[in-house]
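All figures in this text were calculated on a predicted structure; none of them were measured in a lab. Counting starts at 1 for both ligands and their atoms, following the listed order.
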Amino acid sequence: MIKKHYKKILTLILITSIWSSLEAQNDNVIEQKIESILSQLTLEEKVNMCHAQSKFSTKGVERLGIPEIWMSDGPHGVRAEISWDDWAYAGWTNDSITAFPALTCLASTFNPNLAKDYGYSVGEEARYRKKDVLLGPGVNIYRTPLNGRNFEYMGEDPFLASKLVVPYVQGVQENGVAACVKHFALNNQEHWRDKINVEVSDRALYEIYLPAFKVAVTEGKTWAIMGAYNKFRGAHTTHSPILHKILKTDWAFDGVVISDWSSAHSTKEAALYGLDMEMGTGTDGLGTTTANHYSSYYLANPFLEAIKKGEIEEAIVDDKVRRILRLMFRTNMSSNRPLGRVNNTEHHEVARKVATEGIVLLKNDKNFFPIQDKKGLTIAVIGENATRSMTKGGGSSELKPKFEISPLEGLKDRYKNAKIIHAMGFASGESVYDQVLPSPYNADSLKVEAIEVAKKADIVLFVGGLSKSHLQDCEGDDRQQYHLPFGQEELLKEIKAVNGNLGMVLLTGNAVEMSWLDKVDGLIQGWYLGSMAGNALADVISGDVNPSGKLPFSFPKKLEDNAAHSFDELSYPGDGTNQYYKEDILVGYRWHDTKKIKPLFAFGEGMSYTDFKLSDIQTDKKSYSENESISVSCTISNVGGRSGSEVVQVYVGKSKSKVKRALKELKGFQKVEVDSGKGVTANIEIPVSALAYYDETTSNWIVEKGTYNVYVGNASNNISKSLKITVK
Ligand code: BGC
């Protein structure tokens, strides 16, 4: 028996080593091909490969059979085709796709396997649409609930984002499509994004803002990274020392740095500080002003001239072209990439699964949810978000799905016995990119109608939130208020006065103020859920699916309770020129925990229709050396009436330390499915090296010796047990 097992292991080792040596050989062959192509390219052809030829493509070299590169946004699906020279949609009829849930929802699943399915499916659609680069995912850390683009990112915790970005990237790239992880780095707000200079400590940089980017490179092996609009320590991040020093040297990134659209600002800096491909700089392309022509890009003619004059060495363009060719050998010059698929049932199922697993149940007094489908029951669905398209708007992540099931449609489809009635209740107004056009509806009439509808119902489900339009969860600028817009708070109060049986479905990508929380018995955080939104919501509301989502960021009671907003305006939004991240490493729950400021809802929080109990919580040992792993085990018992999933979360903290520390930080988690009345054991491994802090005096990661607290629970504010361990 033992012999057989031993043989199996040996065979496995042999296969793995043959495989990796084949891979290495293959890499060598590709590198040789790259050198051979490089030697045949003229200087003009090389420079031409480093900048756009249209809004979303770059030139190939026809005489050598080198194709163009085609890109698309990302990250929640493949964007509709855009015109050659401007932002208008091209009006194709064959570019509709599956819209996947927003990345905040993916983060709430705490499920890396689903991130893989998500990445793979969106990658298949990108491949089908003949894209070589998918512009996503985004992993900028959630610093303030006002950031207009938080819905495109993976929450406030670098460990959670790291665990999800790796499989997403791998999934996309298995299709021979490059992921382009964005926006590197410190693009944590939209307000003044083009010019704000971020000042942040090295510790916060390395411990909070960079880890997800780092693993996207070192583990996910992403083939592209997008620079950001903002500056960091005085330099535009798209061409800044962090690209060479951190990304390309320390992390050995061998892919392509692509600018954000119009984030390059100078030829010399773009050439010398790490940018490989310039996109979006003033593209009216072939229009009237030569200044905006692609050949006037910083990495176009001015770059060529500088090389010709000897101001920039030719080796600089060679390095960029090497990277671009490498990306091409991995994508459009690879002979064995799959063909892709679009809008197929499996993709819709993945979208639905991510959506149902990401929905978070936050309040459930009097068992408001699930709502039974009973004859004689009337459910009033009130709120514009019950019918509004949430794949539209938001900026560059806007999608054109083949279909989008609205919450109202999903509920009507699911509830065959109960009667569903509906009123719009409020109207947000139409949004174009950077302005909001007033709504054609009269707010008072909408309110009166909603109250009449509420009176007729047994249960009211208010479907509200933000609108994904300018200033309401949208690229280009931040939200200007923390509370719910468009008169929703007032409307909730008035509905409550006529019908006490009130629940809320909140569709946002951000935390909002909830002065109205006591008015509702049930609260579901429903994000932006993509094509299958209505089905997924109905799955959870009806109880067909037991909710298991957990918040990927804290919901502060009031805005000033959030770390970034606890300081003056230099912390947020800055003075128009500079901004200082004064909370330093204490972002999100790290701040709430350490400063003992209770959030309204905490990071990692989320309820289920069943009850779980964590027990037998232990570590395998009490004392560890630096190269060992801490093995945490715990039994999760389902003590309620139905099967469900729970996320065990392990946080670690160190109360006596040489440096400032958060009370605790997430270092491991595991999602487990448990049948009613059963128990399952979770084992979570935490390498001791993961407890290191970034030492600013030596620019090194240091694992401090001494006692650590290991906290195990099912939310950052619900710890079942804390244990002490020692690092020798
Ligand atoms: C956004 C990027 C996006 C690009 C192309 C920019 O405005 O910041 O995330 O990929 O446009 O649409």
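Residues Asp478 and Gln480 bring no donor and acceptor atom of their side chains to less than 3.5 Å of each other. No donor-acceptor contact under 3.5 angstrom links the side chains of Asp575 and Asn578, judged on distance only. When only modelled atom types and interatomic distance are considered, Ser396 and Arg149 share a side-chain donor-acceptor pair under 3.5 Å.
When each atom of ligand 1 is checked for a heavy atom of Leu135 under 4.0 Å away, the hits are 10 (O). Within the listing of ligand 1, atoms 7 (O), 8 (O) sit less than 4.0 angstrom from a heavy atom of Arg193. Each of the following atoms of ligand 1 lies closer than 4.0 Å to a heavy atom of Phe56: 5 (C), 12 (O). Listed by number with element, the atoms of ligand 1 under 4.0 Å from a non-hydrogen atom of Lys182 are 2 (C), 3 (C), 9 (O), 10 (O). Annotation for ligand 1: atoms under 4.0 Å from non-hydrogen atoms of Arg79 are 12 (O).
The existence of a salt bridge linking Arg129 and Glu125 is excluded, since no basic side-chain nitrogen approaches an acidic carboxylate oxygen closer than 4.0 Å.
Around atom 2 (C) of ligand 1, the closest heavy atom drawn from Asp194, Asn187, Asp260 belongs to Asp260. Across the listed options Leu134, Asp73, Val133, Asp73 owns the non-hydrogen atom lying nearest to atom 5 (C) of ligand 1.
With a 4.0 Å cut-off on non-hydrogen atoms, Met279 does not touch ligand 1 at all. With a 4.0 Å cut-off on non-hydrogen atoms, Glu190 does not touch ligand 1 at all.
For Tyr120, the ring pair (Phe, Tyr, Trp, His ring centres under 6.0 Å) criterion is met by no residue, not counting sequence neighbours.
A cation-pi arrangement is not found for Arg143 relative to Tyr572, the charged atom failing to lie both closer than 6.0 Å to the ring centre and inside a 45° cone about the ring normal.
For Trp261, no nitrogen or oxygen atom sits less than 3.5 Å from a nitrogen or oxygen atom of ligand 1, counting backbone and side chain alike.
In this structure the side chain of Leu484 reaches within 4.5 angstrom of the side chain of Leu506, judged on heavy atoms.
At a 4.0 Å cut-off, not a single heavy atom of Met71 sits close enough to ligand 1 to count as contact. For the pair Glu152 and ligand 1, no heavy-atom separation below 4.0 Å is found.
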Stepwise side chain to side chain contact (heavy atoms under 4.5 Å, CB included) test for Ile225 and Ile258: CA-CA 6 Å; Ile225 289 270; Ile258 301 176; over 6 Å; no

